[in-house]
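Chain identifiers are assigned alphabetically (A, B, ...) following the order of the sequence lines, protein sequences preceding nucleic acid strands; residue numbering begins at 1 within each chain.
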There are 2 protein chains.
Amino acid sequence: MMNVREKEQFLGFLRDRGQRVTGERLALFDEIFSQHGHIDAEELLAAMRARGLKISRATVYRNLDLLVESGLARKSRLGSRGFLYEHMHAGQQHDHLVCAGCGRVVEFVSPGIVALQAEICRAHGFVPARHTLQIAGLCNRCAEEAVPDGLASAPAPGRMAHV
Amino acid sequence: MMNVREKEQFLGFLRDRGQRVTGERLALFDEIFSQHGHIDAEELLAAMRARGLKISRATVYRNLDLLVESGLARKSRLGSRGFLYEHMHAGQQHDHLVCAGCGRVVEFVSPGIVALQAEICRAHGFVPARHTLQIAGLCNRCAEEAVPDGLASAPAPGRMAHV
DNA sequence: TTACGTATTGAGATTTTGTCTCAATAGCCG
DNA sequence: CGGCTATTGAGACAAAATCTCAATACGTAA
């Protein structure tokens, strides 16, 4: 089984707060860690039901928030409506590049932003906790507007990169 | 009258797109430029009605989007629900520092983030357009948890600063 | 292992936020 | 001024998330 470390972190989080380890919580954990990109609560619910699990919408919403509080998931708004969730791995903070044309989301990790965050917080007497950086622009394909067929390769969306 | 330059920009924007200059649009423009911080659509609607203006909710929502398209307003999600709007001054892009304790929002301008945005986009073949950076942390007052009475001064919230 | 107290769940109602409809109104242009 | 049509208003509608409360199941202690 993958995600042993993260699951332990989740169980520890629940124990520390005196909250119960329920079948629904474990199932939701497994589901979000089996998903690759960003996914919304409704899709997550549908995916779990498709696997034969019987779970209520309210439970999914409630426990997604719990996962976010535990630091194992992140809630963000990359589209125009609704929140999207993604699982997190310990200590790994990444940001998003969103194409205004096709909506494609590329994740990236930038040491620069971490330094910048510290600098800005120092200047304003804040203790930094976390940040959200979203850059909107046009991806190579959308920037060329009318792309000639068969010329551009089709790179896999949602890959991770370092800057 | 203030905001002459911005109002001209708005009128020009409408003309360029062949859209009409209506009383409601001008009133919304005046209202959002009379507001200082971030405000949501419902509050804006209430404020306009409190001034004796007769305007519909749909019109406020529609024209807020129009102001955003014109570049004179920005729509963001600083709280947990709903969108907040703020007026913009030509060419000025700022970001937000949000206190996780008291919710106070401090605006800042950072040349560093602009450079970073360009660098990241170059690395991924994106043409940069705009970005949203939100840093969450604890402000000086909240960081001290239990603040001794009368010790801390009460700085005005929502001020603008440069880094 | 069982029994108990209580956190958690499920199903649907409800709230919240924003969009849509379409007849009436009012800009804009000749 | 008069006509064409974008825009507005009022409320219906839709989407997303939260709330309610009885039923269930987790954790603890005997």
Colleague: For a quick test of reading the model: is some side-chain N or O of B:Arg57 closer than 4.0 Å to OP1 or OP2 of D:dG9?
Modeller: no

Colleague: Please work out if A:Arg62 contacts a base, only the sugar-phosphate, or nothing of the nucleic acid, heavy-atom cut-off 4.0 Å.
Modeller: base

Colleague: What integer distance in Å separates A:Arg77:CZ from D:dA16:P?
Modeller: 10 Å

Colleague: In whole Å, what is the span from the CG atom of B:Leu66 to the P atom of D:dA6?
Modeller: 15 Å

Colleague: Please compare B:Glu42 and A:Gly18 by the position of their nearest nucleotide in DNA chain C and report the one closer to 5'.
Modeller: A:Gly18

Colleague: Would a distance-only check, ignoring hydrogens and angles, find a side-chain to backbone donor-acceptor pair under 3.5 Å from A:Asn3 to A:Glu6?
Modeller: no

Colleague: Identify which nucleotide among D:dT7, D:dA17, C:dT9 has an atom closest to any side-chain atom of A:Thr22, counting heavy atoms from C-beta outward.
Modeller: C:dT9

Colleague: CZ of B:Arg25 versus C1' of C:dT25: gap in Å, rounded?
Modeller: 14 Å

Colleague: Using whole Å, what does the distance between atom P of nucleotide D:dA16 and atom CG of A:Leu44 come to?
Modeller: 14 Å

Colleague: Under 4.0 Å between a side-chain N/O of A:Asn63 and OP1 or OP2 of C:dT8, yes or no?
Modeller: no

Colleague: Counting heavy atoms not belonging to A:Arg130, are there more than 12 under 6.0 Å from its CZ?
Modeller: no

Colleague: Answer yes or no: does atom CZ of B:Arg17 have more than 12 heavy-atom neighbours from other residues, nucleotides or ligands under 6.0 Å?
Modeller: yes

Colleague: Using atom CG of B:Leu53 as one end and atom C1' of D:dT8 as the other, report the distance to the nearest whole Å.
Modeller: 14 Å

Colleague: Can you measure A:Glu43 atom CD to D:dA17 atom P for me and round it to whole angstrom units?
Modeller: 11 Å

Colleague: Please classify the nucleic acid contact of A:Gln19 as base, sugar-phosphate, or nothing, using heavy-atom distances under 4.0 Å.
Modeller: sugar-phosphate

Colleague: Would you please confirm or rule out a distance under 4.0 Å between OP1 or OP2 of C:dT9 and any side-chain N or O of A:Ser56?
Modeller: no

Colleague: Starting from the 5' end of DNA chain D, give me the residue, A:Ala41 or B:Lys54, whose nearest nucleotide shows up first.
Modeller: B:Lys54

Colleague: Just the rounded figure in Å: distance from P of D:dT28 to CG of A:Leu14.
Modeller: 12 Å

Colleague: Between D:dC4, C:dG10, D:dC26, which one does the side chain of B:Arg20 approach most closely?
Modeller: D:dC4

Colleague: Does NZ or CZ of B:Lys75 lie under 6.0 Å from the centre of the six-membered ring of B:Tyr85, at an angle within 45° of the ring axis?
Modeller: no

Colleague: OP1 or OP2 of D:dA17 less than 4.0 angstrom from a side-chain nitrogen or oxygen of A:Tyr61, does that happen here?
Modeller: yes

Colleague: Measure from the ring center of A:His36 to the ring center of A:His38 and say whether it is less than 6.0 Å.
Modeller: no

Colleague: Between A:Ile55 and B:Asp65, which has a closest nucleotide on DNA chain C that is more 5'?
Modeller: A:Ile55

Colleague: To the side chain of A:Phe83, which of D:dG11, D:dA17, D:dT8 is closest?
Modeller: D:dA17

Colleague: For the pair made of CG in A:Leu45 and P in D:dA15, what is the distance, rounded to whole Å?
Modeller: 16 Å

